[in-house]
Amino acid sequence: MGMKDMLLELREKALQDLQAAKDSQELQDLKVKYLGRKGPMTEILRGMGKVPAADRPKIGEVVNQVKQTLEQTIRDRAEILKEEALKAKIANEKVDITLPGRKPACGHLHPLTLTAREIKRIFIHMGFDVIEGPEIDNDYFNFEALNLPKDHPARDMQDTFYITDNYLLRTQTSGVQARTMQAHEPNTPIRMISPGAVYRNDYDATHSPMFHQVEGLVVDRDISLADLKGTLELFCREMFGDDVKIRLRPSYFPFTEPSCEVDISCVICGGKGCNVCKHSGWLEILGAGEVHPNVLKMSGYDPSIMNGYAFGMGIERIAMLKYGIDDLRLFFENDLRFIRQFR
């Protein structure tokens with residue numbers, strides 16, 4: 001069989017295979033088979049040196065025609081396969097517009113966010129400003145400006161998550177109060193709350209390494225514990241209902257003097273006594289007191305002219321009492337069965 005006949009036979013066989021290709025991958029494989037470096041067309045071209053010189057122009061012309069025919073057929077077949085694939089995709093992915101629409105899943109706020117917003121709403125209505133501060137704070141604002149020098153024993157429970165020798169994850173949002181006083185002109189009245197995340201090395205059913213606080217501060221002339229009690233009583237009634245009662249118990253905090261713990265009548269039993277309140281009828285809710293004169297002095301205020309009160313509460317604690325939650329860790333486990341109860 002002459003070379004020309006071999007070329008024509010190869011062309012017919014290749015054309016049949018190319019037209020029968022079912023997808024792009026099969027077409028690519030056939031292209032490599034016939035026109036690749038190890039394909040028959042390449043072998044023929046390499047053997048052109050054995051063809052008599054007089055026949056080479058004619059054979060070369062046939063080789064180029066066959067090659068061009070196969071390349072054009074491959075391009076045409078590729079376009080056809082591309083269109084067929086697109087039609088198949090459209091057919092498989094078509095939307096049945098007669099089907100009823102699917103309602104999108106609607107999210108909702110976390111119980112801690114709901115509680116924090118409610119706390120802020122109540123205090124804003126009482127004329128308080130909401131001021132936020134850095135979660136990474138230095139030792140001075142987190143401790144020393146709050147009457148907690150480096151050798152103070154009350155620091156032991158809070159000296160935990162240090163980043164450098166002087167900077168740590170704040171253990172309370174009270175540092176925002178010191179920052180606010182020092183940012184104001186001396187003896188300027190202040191009425192503020194500072195909500196946010198705080199960090200301490202605790203973890204059990206009632207403690208978490210990360211939790212949330214709202215600290216409050218009022219500084220003005222002639223501020224008494226009666227003003228503090230009235231403010232907190234109004235807050236507790238707004239948060240827990242008109243029937244709730246509060247009481248103040250003497251306590252100790254380095255940054256207030258005098259200091260007190262604030263209890264509310266048990267929201268479960270109404271003050272009659274139950275397992276939640278340990279049959280006392282009262283639940284501890286926050287700490288408070290008159291701002292210590294040292295705190296005022298360190299922030300540029302004159303305690304002989306100005307005084308005030310401060311308080312601090314855990315948002316998790318308020319949420320647990322408001323919603324009857326018995327384990328603080330539930331707030332951070334992201335269990336949808338728990339979170340969906342607060343829609």
Side-chain angles (χ1 to χ4, degrees), residues 118-131 133 141 143-148 152 154 172-195 213-265 271 281-315 317-318 321:
E118 180 66 7
I119 292 172
K120 287 189 281 188
R121 182 193 67 81
I122 294 170
F123 281 108
I124 287 172
H125 284 180
M126 287 193 281
F128 283 71
D129 295 322
V130 179
I131 302 177
F141 284 111
F143 291 123
E144 294 184 39
L146 303 174
N147 202 34
L148 282 159
H152 200 291
Q172 53 202 356
T173 59
S174 304
V176 183
Q177 299 175 357
R179 287 177 177 276
T180 302
M181 283 192 289
Q182 294 187 22
H184 281 63
E185 291 291 329
N187 300 328
T188 302
I190 294 174
R191 185 182 295 263
M192 61 162 285
I193 59 170
S194 54
Q213 277 188 341
V214 173
E215 302 274 352
L217 173 70
V218 171
V219 178
D220 208 332
R221 298 172 185 267
D222 301 322
I223 300 295
S224 68
L225 277 177
D227 299 309
L228 168 64
K229 184 178 180 181
T231 299
L232 295 179
E233 193 167 38
L234 178 57
F235 164 75
C236 290
R237 286 179 178 174
E238 287 286 322
M239 179 60 69
F240 299 107
D242 292 337
D243 295 332
V244 73
K245 298 179 176 61
I246 75 167
R247 71 175 184 183
L248 276 58
R249 291 181 289 109
S251 185
Y252 168 77
F253 300 109
F255 29 81
T256 54
E257 180 61 36
S259 304
C260 61
E261 298 281 359
V262 180
D263 301 333
I264 62 170
S265 55
W282 296 94
L283 294 168
E284 181 183 323
I285 188 174
L286 58 89
E290 286 275 303
V291 180
H292 198 290
N294 289 347
V295 174
L296 293 171
K297 287 179 184 177
M298 283 186 284
S299 293
Y301 280 66
D302 185 348
S304 66
I305 300 174
M306 307 293 285
N307 67 330
Y309 62 78
F311 56 86
M313 67 186 79
I315 295 178
R317 176 67 172 163
I318 301 297
L321 294 175

| field | Minimum side-chain heavy-atom gap Y301-I190 below 4.5 Å | value | yes

S259 meets the side chain to side chain donor-acceptor pair (under 3.5 Å) criterion, sequence neighbours left out, with T256

Does H292 reach the side chain of L146, with side-chain heavy atoms less than 4.5 Å apart? no

Distance-only check: which donor-acceptor pairs under 3.5 Å involve side-chain atoms of residues 216-228, not counting sequence neighbours?
unit_1: S224; atom_1: OG; unit_2: A226; atom_2: N; d: 3.2
unit_1: S224; atom_1: OG; unit_2: D227; atom_2: OD2; d: 3.4
unit_1: D227; atom_1: OD2; unit_2: S224; atom_2: N; d: 2.9

CD (Q172) and CZ (F255) are apart, to the nearest 0.5 Å, by 5.0 Å

In short, salt bridge (Lys or Arg N to Asp or Glu O under 4.0 Å) pairs touching residues 289-312 with sequence neighbours left out are none

For residues 305-315, the salt bridge (Lys or Arg N to Asp or Glu O under 4.0 Å) pairs (sequence neighbours left out) are none

The test is side chain to side chain contact (heavy atoms under 4.5 Å, CB included); show your working for Q177 and V295 and say whether it passes. CA-CA 10 Å; Q177 299 175 357; V295 174; over 6 Å; no

Taking every heavy atom of P303 against every heavy atom of P293, the minimum-distance pair comes out as CB-CB, 3.9 Å

Contacts of Y309 meeting side chain to side chain donor-acceptor pair (under 3.5 Å) (sequence neighbours excluded), chain-then-number -> T231

I'd like a table of donor-acceptor pairs (distance under 3.5 Å, sequence neighbours excluded) in which one partner is a side-chain atom from residues 239-250, with atom names and distances.
unit_1: R247; atom_1: NE; unit_2: D263; atom_2: OD2; d: 2.9
unit_1: R247; atom_1: NH2; unit_2: D263; atom_2: OD2; d: 3.3
unit_1: R249; atom_1: NE; unit_2: D263; atom_2: OD2; d: 2.5
unit_1: R249; atom_1: NH2; unit_2: D263; atom_2: OD1; d: 3.1

What one should report as the nearest heavy-atom pair of T173 and P195 is CG2-C, 4.3 Å

Applying side chain to side chain donor-acceptor pair (under 3.5 Å) to Q182 and not counting sequence neighbours gives Y140

All heavy atoms of S299 vs all of A178, minimum pair found to be OG-O, 3.9 Å

Worksheet entry | Pairwise side-chain contact, R179 with I131, heavy-atom cut-off 4.5 Å (strictly under) | no

Residues passing the side chain to side chain donor-acceptor pair (under 3.5 Å) test with S265, sequence neighbours excluded, are none

(request) Test side chain to side chain contact (heavy atoms under 4.5 Å, CB included) on E257 and N147 and set out the steps. (result) CA-CA 11 Å; E257 180 61 36; N147 202 34; over 6 Å; no

Note: E261 and G287 closest approach over all heavy atoms is OE1-CA, 4.0 Å

To the nearest 0.5 Å, atom CD of E144 lies from atom NE2 of H152 at 12.0 Å

The reported gap from CZ in F311 to CD in Q213 (rounded to nearest 0.5 angstrom) is 12.0 Å

Those residues at least two apart in sequence (or on a different chain) that pass salt bridge (Lys or Arg N to Asp or Glu O under 4.0 Å) with R317 are none

Rounding to 0.5 Å, atoms CD (E215) and CG (L286) come to a distance of 10.0 Å

Taken in chain and number order and not counting sequence neighbours, the residues that satisfy salt bridge (Lys or Arg N to Asp or Glu O under 4.0 Å) with E238 are R121

Heavy-atom closest pair (I285 atom, M313 atom, distance to 0.1 Å) is O-CB, 4.1 Å

Rounding to 0.5 Å, atoms OG1 (T188) and CE (M306) come to a distance of 7.0 Å

Across all chains, not counting sequence neighbours, the ring pair (Phe, Tyr, Trp, His ring centres under 6.0 Å) partners of F128 are F123

